Amino acid sequence: MDAETRHDFSAFVASRSAGLFRFAMGLTGHPQQAEDLLQSALAKAYRHWGRVRDGNPEAYLRRTMCREQIDWFRRPSFGRELPSDRLPERRVSDGTATVDLRLALRAALGRLSPKHRAVLVLRYLEDLPDDEIAELLGCRPATVRSLAARGLERLRVLCPELAPRLTEEWR
C-alpha cells in the first residue's frame, strides 16, 4: 500500500472511529469486545482499502462488524461468561435511575440474538432506514421489520422497566 492510500485510510479512521466504536458498543455491549470488533473490521478494511474507499467505506465497516459479531456469537467459546441477573441496588435520591435503566437495557440487549441486536442498534442507535439495514445484513426489508418487532417484544420481556419507553418512543 502506498503512502497516499495509507494516509487516506488513517484520515478516514480518525474522522469516523468514534461513530464506528459507538456502533460496535451497541452490537457487543462491552467496551473491550467493541474495541476488538472494530479493530478486526478495520484490519479487513485496511487490506481491501483500494476498492473499499471508492464505495461506501462506513457501510462496509458496519456490515463487516455485523457479520463478525454474528460469527463470534456462533463460535463455541461464546457464552462461557454469563451475565448476572442482579442489578446494583437503586438509590432514590442520587439520580441513578437513568444509569440503572441503561444497565438494564445493556443487559437485555446482551441477551438478544445477534441479528435482533444488530437490527435494533442499526435502526434506533444509528437511525438507518430499513432498506439500508437490509442491505447491510443481506436480507429483505420485511425481514428487518420482523426482526425489529420481535427484538422489541423480547426487550419488553427481558427488561420490563423499559416497556413504557419502548411503547412511547420507539413506535
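Just so you know, residue 1 is the first one in the sequence shown, and it goes up from there. Computed from a predicted structure; not experimentally measured.
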L61 vs F12, test: side chain to side chain contact (heavy atoms under 4.5 Å, CB included). Steps then yes/no. CA-CA 11 Å; L61 284 164; F12 173 79; 3.3 Å; yes
When you measure from the side chain of S17 to the backbone N and O of V13, does any donor-acceptor pair fall under 3.5 Å? yes
Identify the heavy atoms of [X] and [Y] that sit nearest to each other, and give their distance.
| X | Y | answer |
| --- | --- | --- |
| A108 | L158 | O-CD1, 3.6 Å |
| R106 | G29 | CD-O, 3.1 Å |
| G151 | H116 | N-CD2, 3.7 Å |
| G26 | V121 | O-CG2, 3.1 Å |
| D131 | P141 | OD1-CG, 3.3 Å |
| V52 | A45 | CG2-O, 4.5 Å |

Step by step, would you call D130 with E132 a side chain to side chain contact (heavy atoms under 4.5 Å, CB included)? CA-CA 6 Å; D130 292 344; E132 285 185 42; over 6 Å; no
Show, in sequence, the C-alpha distance, side-chain angles and deciding distance for R22 and L125, and conclude whether the side chain to side chain contact (heavy atoms under 4.5 Å, CB included) test is met. CA-CA 9 Å; R22 186 181 70 226; L125 183 65; 4.2 Å; yes
Measure the [atom1]-[atom2] distance between [X] and [Y] for me, rounded to the nearest 0.5 Å.
| X | Y | atom1 | atom2 | result |
| --- | --- | --- | --- | --- |
| C66 | D71 | SG | CG | 11.0 Å |
| L136 | R67 | CG | CZ | 8.5 Å |
| Q39 | F21 | CD | CZ | 12.0 Å |
| N56 | R63 | CG | CZ | 8.5 Å |
| L38 | F23 | CG | CZ | 10.5 Å |
| L137 | L147 | CG | CG | 8.0 Å |

Test side chain to side chain contact (heavy atoms under 4.5 Å, CB included), reference R154, set L112, L109, L120, output is L112
If the test is side chain to side chain contact (heavy atoms under 4.5 Å, CB included), which one of R123, R62, E135 qualifies with L128? R62
Y46 and F9 aromatic ring geometry - parallel, tilted or perpendicular at 30°/60° bounds: perpendicular
R150/E153 ion pair, N-O < 4.0 Å: no
Should R47 and K44 count as side-chain neighbours, where that means a heavy-atom distance under 4.5 Å? yes
Compare all side-chain heavy atoms of L152 with those of Y124 and state whether any distance is below 4.5 angstrom. yes
Just checking, any donor-acceptor pair under 3.5 angstrom between side chains of S10 and H7? no
Between T5 and D2: side-chain donor-acceptor atoms closer than 3.5 Å: yes
Could you go step by step and tell me if L101 and L105 meet the side chain to side chain contact (heavy atoms under 4.5 Å, CB included) rule? CA-CA 6 Å; L101 190 59; L105 175 60; 5.8 Å; no
